[in-house]
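Presented below is the structure to which this report refers.
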There are 2 protein chains.
Amino acid sequence: MNAHDTTVEGAAPRAPAPAPAGAAHEVLAVVFQIRQDRLSVLLWRRARPPFEGRWSLPGGRLGADEGLDDSIRRQLAQKVDVRDLTHLEQLETRGDPCRHPQGRILATAYLGLVPADIDPLVPADTRWHPASDLPPMGFDHAAIVHSGRRRLRAKLSYTNVGFALAPPEFTMSQLSRYYRAALGHDVAATNLRRVLLRRGQIEETGRFVPSGRSGGRPAALFRFRARRLEITDAFAVLRPPGGA
Amino acid sequence: MNAHDTTVEGAAPRAPAPAPAGAAHEVLAVVFQIRQDRLSVLLWRRARPPFEGRWSLPGGRLGADEGLDDSIRRQLAQKVDVRDLTHLEQLETRGDPCRHPQGRILATAYLGLVPADIDPLVPADTRWHPASDLPPMGFDHAAIVHSGRRRLRAKLSYTNVGFALAPPEFTMSQLSRYYRAALGHDVAATNLRRVLLRRGQIEETGRFVPSGRSGGRPAALFRFRARRLEITDAFAVLRPPGGA
DNA sequence: ACAAAAGTGTTCTACCTACACCCATGA
DNA sequence: TCATGGGTGTAGGTAGAACACTTTTGT
């Protein structure tokens with residue numbers, strides 16, 4: 001404890017007594033993946049009250065001697081193969097005393113991303129839901145999903161987070177579909193290619209994908225140059241078409 | 001608790017036992033103010049171990065039935081007059097089990113801003129320090145100050161946070177000095193004026209400040225149009241001079 | 001009149017969007 | 001050879017940095 005606490009709290013008669021042993025703490029994750037061209041979140045269906053039958057974010061209690069990052073990684077390893085999480089970052093902590101009907105539980109939420117090419121085995125009571133069409137959710141979890149969505153959208157325009165959504169190699173039209181799903185508006189593959197190349201986010205692999213039965217020129221395969229988050233443009237990009 | 005927890009943790013023998021009553025939790029604040037053209041943080045000098053004699057962020061234990069925002073506001077009211085906090089937002093939560101030598105204490109940090117025109121009465125063991133020249137600090141607090149600095153810098157370019165640093169009315173040369181202090185590089189008053197006007201962040205009050213003894217044209221007084229955070233440009237601005 | 005500080009006008013450049021056009025392939 | 005999808009070239013727009021120039025004051 002800070003040595004000042006006693007001084008200060010002694011001088012403030014309205015300071016509430018701290019809970020002697022502290023508050024319960026849980027970690028939650030908004031795990032996104034692009035599935036069938038839609039941004040999807042991994043949710044659990046609650047089998048028991050409170051909020052029985054509603055959906056909630058995966059996560060659980062923080063271990064007694066566990067770091068926050070370690071904890072969410074551990075808990076997700078039971079839902080999603082840990083090697084498949086290409087990105088994980090802290091989102092926000094919620095501490096409203098009323099957020100949980102069974103007493104005071106603080107929650108630290110994370111944003112996790114899974115690349116589009118894999119399909120983690122998840123338990124039966126767990127499902128991917130489109131982020132734009134959430135089922136009825138318990139607690140404040142729907143609001144947390146929205147925070148995650150906003151964060152992802154913002155970071156797509158000034159960082160290389162795309163690497164975490166895309167498979168190791170991809171064509172530009174695939175990538176533009178991922179961006180469309182995450183951003184919620186059309187992204188022209190033509191310009192996306194130039195923007196990401198100029199910023200040094202992606203590079204050509206030299207390989208190509210043969211055209212399908214309907215013909216067409218073979219598509220070049222690209223990859224992201226870095227596999228961890230980098231801020232490539234402290235500034236702007238990718239506004240919705242029509243300047244809206 | 002989430003109904004899934006028992007299921008999942010039962011299936012994971014390596015899950016650490018949660019602390020029965022939860023972990024201790026504190027709230028901290030990085031409070032910035034521009035003083036004499038330097039970005040400064042409010043710090044406490046620790047009178048007792050651990051980290052005796054080093055400096056730390058103001059804050060303290062979370063009350064048993066207190067929200068996180070409420071808690072930091074309450075605790076700051078004992079350091080800084082609460083009406084003077086023009087902006088407050090959550091920064092990050094740190095939960096490394098080793099961050100506190102006296103046991104596991106989670107900390108949720110906030111970023112708070114005080115406008116340049118006021119001078120809150122702070123206790124004797126509390127001082128403003130230049131953010132670019134921090135004294136020896138305890139715990140992980142120096143790292144938290146850096147997070148706050150990064151956040152402030154970023155938000156200055158795509159939101160109207162300036163309102164929280166500036167007094168209610170200001171001249172453009174004053175404002176450009178605030179921006180310079182916060183961003184760490186020169187900001188031309190001429191262009192700043194146009195950028196902020198175009199974005200609708202500021203407006204003229206119609207009043208003027210008479211020139212000083214050394215002459216010069218009287219300066220127009222401006223104000224921010226909004227007094228709470230708004231994202232005025234999802235994209236870019238204010239890169240350092242020379243394109244660096 | 002001259003220095004000082006504020007404000008305006010103008011140019012230059014970077015970056016992005018949109019769109020027309022060209023290229024490589026399958027049937 | 002034509003439909004299909006990928007890739008290139010280019011024109012137009014927007015925004016901001018830099019800087020010269022004008023305006024308004026004090027001495």
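What you see below is based on every heavy atom in this structure, not just the backbone, and it leaves out hydrogens, waters and symmetry mates. Residue numbering restarts at 1 for every chain, and letters A, B, ... go by the order of the sequence lines.
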- Residue met sooner reading DNA chain C from 5', once B:Leu221 and A:Pro218 are mapped to nucleotides: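 Checking each residue's closest nucleotide, the 5'-ward one belongs to B:Leu221.
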In whole Å, I'd like the distance from the [atom1] atom of [X] to the [atom2] atom of [N].
X: A:Leu197; N: C:dC15; atom1: CG; atom2: P; result: 14 Å
X: A:Leu175; N: D:dG6; atom1: CG; atom2: C1'; result: 14 Å
X: A:Arg213; N: C:dT25; atom1: CZ; atom2: C1'; result: 14 Å
X: B:Phe170; N: C:dA6; atom1: CZ; atom2: P; result: 14 Å
X: B:Leu192; N: C:dA6; atom1: CG; atom2: P; result: 13 Å
X: A:Leu183; N: C:dT17; atom1: CG; atom2: C1'; result: 15 Å
X: B:Gln174; N: C:dG7; atom1: CD; atom2: P; result: 11 Å
X: B:Leu196; N: C:dG7; atom1: CG; atom2: C1'; result: 15 Å

Using modelled atom types only, decide if a donor and an acceptor are shared between the side chain of [X] and the backbone of [Y] within a distance under 3.5 Å.
X: B:Arg151; Y: B:Gln90; answer: yes
X: A:His141; Y: A:Leu57; answer: yes
X: B:Asp84; Y: B:Pro115; answer: no
X: B:Ser157; Y: B:Lys155; answer: no

Looking at the side chain of [X], which of [options] is the nearest nucleotide?
X: B:Ala220; options: D:dA17, C:dA4, C:dG7; answer: C:dG7
X: B:Arg199; options: D:dG16, D:dG5, C:dG7; answer: D:dG16
X: B:Ser173; options: C:dA6, D:dG26, C:dT17; answer: C:dA6

- Item | Below 4.0 Å: OP1/OP2 of D:dG16 and any side-chain N or O of B:Arg198 |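 So the side chain of B:Arg198 is within the cut-off, an N or O lying under 4.0 Å from OP1 or OP2 of D:dG16.
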- Message: One pair to check against side-chain hydrogen bond (donor to acceptor under 3.5 Å, both in side chains): A:Gln201 and A:Thr232. What are the steps and the verdict?
- Response: CA-CA 8 Å; A:Gln201 284 192 28; A:Thr232 56; 2.8 Å; yes
Where do N or O atoms of nucleotides 8-10 of chain C meet protein N or O atoms at under 3.5 Å, pair by pair?
from: C:dT8; atom 1: OP2; to: B:Arg193; atom 2: NE; distance (Å): 3.2
from: C:dT8; atom 1: OP2; to: B:Arg193; atom 2: NH2; distance (Å): 3.1
from: C:dG9; atom 1: N7; to: B:Arg194; atom 2: NH1; distance (Å): 3.0
from: C:dG9; atom 1: O6; to: B:Arg194; atom 2: NH2; distance (Å): 2.7

- Global bending angle along the helix from C:dA1-D:dT27 to C:dA27-D:dT1, which compares the axes of five pairs at either end, to 10 degrees: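 The angle, to the nearest 10 degrees, is 20°.
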- Taking all non-hydrogen atoms of both residues, which atom of B:Phe163 and which atom of B:Leu229 are closest, and how far apart?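 In this case the closest contact between B:Phe163 and B:Leu229 is CE2-N, 3.7 Å.
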- Query: Which residue lies toward the 5' end of DNA chain D, B:Gly215 or A:Glu204, if each is placed at its nearest nucleotide?
  - Reply: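 Looking at the nearest nucleotide for each, A:Glu204 comes out on the 5' side.
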- Parallel, tilted or perpendicular: which fits the ring planes of B:Phe170 and B:Phe222, with parallel below 30° and perpendicular above 60°?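 B:Phe170 vs B:Phe222 ring planes: parallel.
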- Query: So, A:Gln36 versus A:Arg38: side-chain donor-acceptor pair below 3.5 Å or not?
  - Reply: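 Looking only at side-chain atoms, A:Arg38 and A:Gln36 do not form any donor-acceptor pair under 3.5 Å.
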- Would you mind listing every side chain to side chain donor-acceptor pair (under 3.5 Å) that reaches into residues 202-217 of chain A, with sequence neighbours excluded?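 Passing the test, one end in residues 202-217 of chain A: A:Glu169-A:Arg207, A:Glu203-A:Arg223.
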